[in-house]
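Keep in mind the model is a prediction, meaning the values are calculated, not measured. Both backbone and side-chain heavy atoms feed into the values below; hydrogens, waters and symmetry mates do not. The chains referred to below are lettered A, B, ... by the order of the sequence lines, with proteins before strands, and numbering in each begins at 1.
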Amino acid sequence: MANLLDDLNPPQRDAVMHTEGPLLVLAGAGSGKTRVLTYRIAHLIDDCGVAPWAILAITFTNKAAAEMRERITGLVGPVARDIWASTFHSACVRILRREADAAGYRSDFAIYDTDDQLRLMRACFADEEVDPKRVAPRSVLARISDAKNRLIDAEAFVEEADGFGDEVVGRLYRRYAARLQAAGAMDFDDLLMVTTRVLESDPQVRERYQSRFAYILVDEYQDTNHAQYRLVRVLAEPQRNICAVGDDDQGIYSWRGADVRNILDFERDYPDTHVVALEQNYRSTGTILRAANAVVARNRGRRPKALWTDQGDGEPLHVLACRDEHDEARTVLAEIERARAAGTSLDQIAVFYRTNAQSRSIEDQLVRGRIAYAVVGGPRFYERAEVRDALAYLRVAANPADEIAVARLLGAPKRGLGPGCLVKLSLCAQTHGLAIGDAIGQADLIAGLNQSQRAALARTASLLTEVADADAAGMPLSGLVAMVIERSGLRAALVIEGTLEAQGRIENLDELENVAAEYHANAPEPSLQGFLEEVALQSDADLVDQEHGQVTLMTVHNAKGLEFDVVVMTGMEDGIFPHARADEPDSLEEERRLCYVGMTRARRRLVLTHAETRAIHGGREYRLPSRFLAEIPRDAVATREGAPVREAFAGATQRSAVVPLEAGDTVLHATFGEGIVTGVESRGSLVRVRFSRDGTERRLMAGAAPMRKVG
DNA sequence: ATTCAACGCTTTTTT
DNA sequence: AGCGTTGAAT
């Protein structure tokens, strides 16, 4: 360990060595906070004799937790396995499974994600006879989420309700909470709220975890909400060995209840706090850093700080104006090809955007350019309809009370079991005191069903029982998944459909089987419940794969914690970034922090693009460059105008005037090697080339592609 | 009672 | 451009 400390600069070392009492690490972007966190834990274990299981390390994503554990393993060996390193939500689930009794739940509770929540809320609207067109179910869910994040349960909400709107929300909140409870389910916010409530109200449970977790570390502390704040606070007592790491300039989740005050007020909450500021940046060039600092410096109410680097200035930023989103996409493509020609590997290139919808035009262009890419956070695998359908069977097998999953499974595949049938089923369950999933097997108790419906229900019931039995008998998960896919008829229905789209869905079902097999092979204690839990708590950011030679496309939110040699930030336009709905001063400041987060992901080259017009909601709108662009010092930017694509096309004409490419020419490409021109399009600006190395034919931009004529 | 096809409204960011 | 609701067909 002693020599490990040599890897650290003085403030980093200070943060690692200060083990007792509250510690606040203000870690600027790229200042090596992960290293501090891992070394600190290694130091606790190796030098201070702290038991690994007495350490609770909270990270923002599961992936970050896994990586941290891996790095600590590298430092202290396999004992790192016993550290509790996880997200808030995962840690809460783990506590709640043990303490379900005290929390008033069964230990096999299901976890409802956004989609489940919405379905359940729609049912509540029906119960309460609220018109979903007058009040949006999503907005009610948002209100409830907000309340739960502030630890306000339905009863407290109703008590405080103020005005008619609140009265309606209160009624829906009550109903929603009751139905969740009846379904044996918790939503994401419940995980935090219920855990905190149990810890705060039950002395036995509290004592158990307080004495267990002697050392607590929380990463991304600026993005904790009130419930998380209270959770940490109660767990940290009485020793208060709490280490909070964060950066108030990177708080980007206030819309999700995160409260930057948690980090700004840390010293007030823990008066004897030792504060360490990490301000040396090891990631970016001086120019990128200077530009990002200048932008975020416009925010009021931040801790003043000055990130610095001893690396050189590097190259200037590039701000590129584009005609429209297609032009912008071509610009991105050109930028990627340029970076690749300069020797940057694709996985060191990222494209950011403010909203997910923006990925589409860029994806189209990358497909044309044959650039391998991965979109983080589009339609998630586990959110695809067919995958959810299959999962619904597993969910009901694990928890028959899960009414949302029952509703889902009845409709997939189509077999004459619709909403009417669901109503009868739930009525039957109620009158006979059965879980709704168990009522499926009691079709003879239900009046008004036809013969084929009874048969379908019976088949479904026996499948569910068999899945549950097979699980109990220890059948591997992939076997359970296969059983569901085959026996439910999900696969057969898609095979009959026979379309290309159905083919893709079948592949997704196969992939689910693979995922299950992988889970079974990797999880320490695989179980059906554990699998469903992982599915529910997996985040988009967990799926970032920076090792497979692909460009990464993602929202700026998902980029937090990552770094790339080359970053292209697209859609730098007022109304998009900052977003049009961020019109209040506070939310504008959050947009600015988001911009700062995006900019500071870049190590060497940062390109910002904006389009003059953009297709939005059907129509085409004129857009002004983002005000954030104007906040970047002029002398940090190389290009202010002139779309590079237009430059590229101009260059193409110029160059083709000198060396016009035509079919039959031999060219040498920086990446693909030698090839023969097989065709020319768009008056010479696009050429088709068949490359001899791999036999592929590619369409390339004559002016922009890193390629020259050799014969 | 279920299913399918057309219409109209809506979208920021996510554990 | 996608989804959910509505209305018509089976």
Side-chain angles (χ1 to χ4, degrees), chain A residues 58-65 86-93 111-115 117-119 122 125-126 131-133 136-139 141-142 145 148-149 186-193 220 223-225 227-228 251-258 352-361 376-380 382-383 385 410-411 413-424 448-450 452-453 456 533-543 554-560 571 575-583 587 590-591 593-595 597-598 615-619:
Chain A
I58 299 288
T59 57
F60 205 66
T61 64
N62 296 301
K63 183 165 183 257
S86 70
T87 62
F88 269 108
H89 290 86
S90 299
C92 286
V93 170
I111 300 167
Y112 272 16
D113 66 11
T114 316
D115 186 72
Q117 290 181 57
L118 200 55
R119 286 163 192 269
R122 292 216 174 90
F125 269 59
D131 182 359
K133 271 179 286 187
R138 304 177 72 106
S139 76
L141 279 171
S145 171
K148 286 182 177 179
N149 286 155
M186 297 201 203
D187 65 18
F188 289 136
D189 304 311
D190 281 334
L191 297 175
L192 302 173
M193 179 171 78
E220 306 285 3
D223 279 324
T224 52
N225 61 35
Q228 292 165 331
I252 54 176
Y253 283 101
S254 74
W255 50 274
R256 203 170 84 188
F352 299 161
Y353 34 80
R354 178 62 179 77
T355 65
N356 280 307
Q358 290 167 251
S359 76
R360 203 183 190 93
S361 52
V376 177
R380 279 187 240 175
Y382 292 123
E383 283 169 8
L410 288 180
K414 303 262 179 246
R415 52 192 189 281
L417 303 176
C421 189
L422 177 66
V423 170
K424 285 172 192 153
L449 292 176
N450 63 37
S452 80
Q453 288 176 318
E533 197 170 293
E534 189 171 286
V535 166
L537 295 181
Q538 181 173 82
S539 73
D540 291 328
D542 294 334
L543 302 174
M554 63 185 143
T555 63
V556 194
H557 278 91
N558 270 320
K560 187 160 80 159
I576 291 196
F577 201 178
H579 196 272
R581 279 187 63 171
D583 47 1
S587 38
E590 178 146 311
E591 295 287 307
R593 290 193 292 272
L594 190 57
C595 183
V597 168
I616 270 175
H617 298 150

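- Regarding contacts with the backbone of B:dT14, a side-chain N or O of A:Thr555 is found under 4.0 angstrom from either OP1 or OP2.
- Closest approach to the A:Thr355 side chain among B:dT13, B:dT11, B:dT15 is made by B:dT13 (side chain taken as heavy atoms from C-beta onward).
- With rounding to whole Å, A:Asp131 atom CG is found 13 Å from B:dC9 atom P.
- Under 3.5 Å, the side chains of A:Asn62 and A:Ser90 contain a donor-acceptor pair of N or O atoms.
- Each of A:Ala136 and A:Thr87 was assigned the nucleotide of DNA chain B with the nearest heavy atom; the assignment lying further toward the 5' end belongs to A:Ala136.
- Nearest approach of A:Thr61 to A:Thr87, heavy atoms of both residues: C-CG2, 3.4 Å.
- Under the 3.5 Å distance criterion, the side-chain polar atoms of A:Gln228 are left unmatched by any main-chain donor or acceptor of A:Phe88.
- Taking atom NE2 of A:His89 as the reference point, atom C1' of B:dT14 lies 10 Å away to the nearest angstrom.
- Scored by the salt bridge (charged side-chain N to carboxylate O under 4.0 Å, His left out) test, A:Asp223 finds A:Lys560 as partners (sequence neighbours excluded).
- Between the CZ atom of A:Phe60 and the P atom of B:dT15 there is a distance of 8 Å, rounded to whole Å.
- Place A:Gln117 and A:His579 on DNA chain B by their nearest nucleotides, and A:His579 ends up nearer the 5' end.
- Residues A:Phe352 and A:Phe577 place their aromatic rings such that the two centres sit no closer than 6.0 Å.
- Checked against a 6.0 Å centroid threshold, the rings of A:Trp255 and A:His557 count as neighbours.
- Rounded to whole Å, the distance from CG on A:Asn225 to C1' on B:dT15 is 10 Å.
- Under the 4.5 Å side-chain criterion, counting only non-hydrogen atoms from C-beta, A:Asp113 is in contact with A:Phe188.
- Between A:Met193 atom CE and B:dT15 atom C1' the separation is 16 Å, expressed in whole Å.
- Closest approach of A:Gly257 and A:Asn149 over heavy atoms only: CA-OD1, 4.3 Å.
- To the nearest angstrom, P of B:dT13 lies 16 Å from CZ of A:Phe352.
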Short heteroatom pairs, N/O only, protein and nucleotides 2-7 of chain B, under 3.5 Å:
unit_1 : atom_1 : unit_2   : atom_2 : d
B:dT2  : OP1    : A:Gly418 : N      : 3.1
B:dT2  : OP1    : A:Cys421 : N      : 3.3
B:dT2  : OP2    : A:Gly420 : N      : 3.1
B:dT3  : OP1    : A:Gly416 : N      : 3.1

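- Note: CZ (A:Arg138) to P (B:dT11) measures 7 Å, nearest angstrom.
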Interface polar pairs with nucleotides 5-9 of chain C, N/O, under 3.5 angstrom:
none

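- For the pair A:Trp255 and B:dT13, the ring geometry qualifies as stacking, because the centroid separation is below 5.5 Å while the planes lie within an angle under 30°.
- In this structure, A:Thr61 reaches neither bases nor backbone, as no heavy-atom distance under 4.0 Å exists between it and the strands shown.
- Seen from the ring of A:Tyr253, A:Arg256 counts as a face-on cation partner, given the 6.0 Å and 45° thresholds.
- Side-chain N/O atoms of A:Asn356 include none lying less than 4.0 angstrom from OP1 or OP2 on B:dT11.
- Between the P atom of B:dT15 and the NE2 atom of A:His557 lies a distance of 11 Å, rounded to the nearest Å.
- With contacts defined as side-chain heavy-atom distances shorter than 4.5 Å, the pair A:Leu594/A:Glu590 does not qualify.
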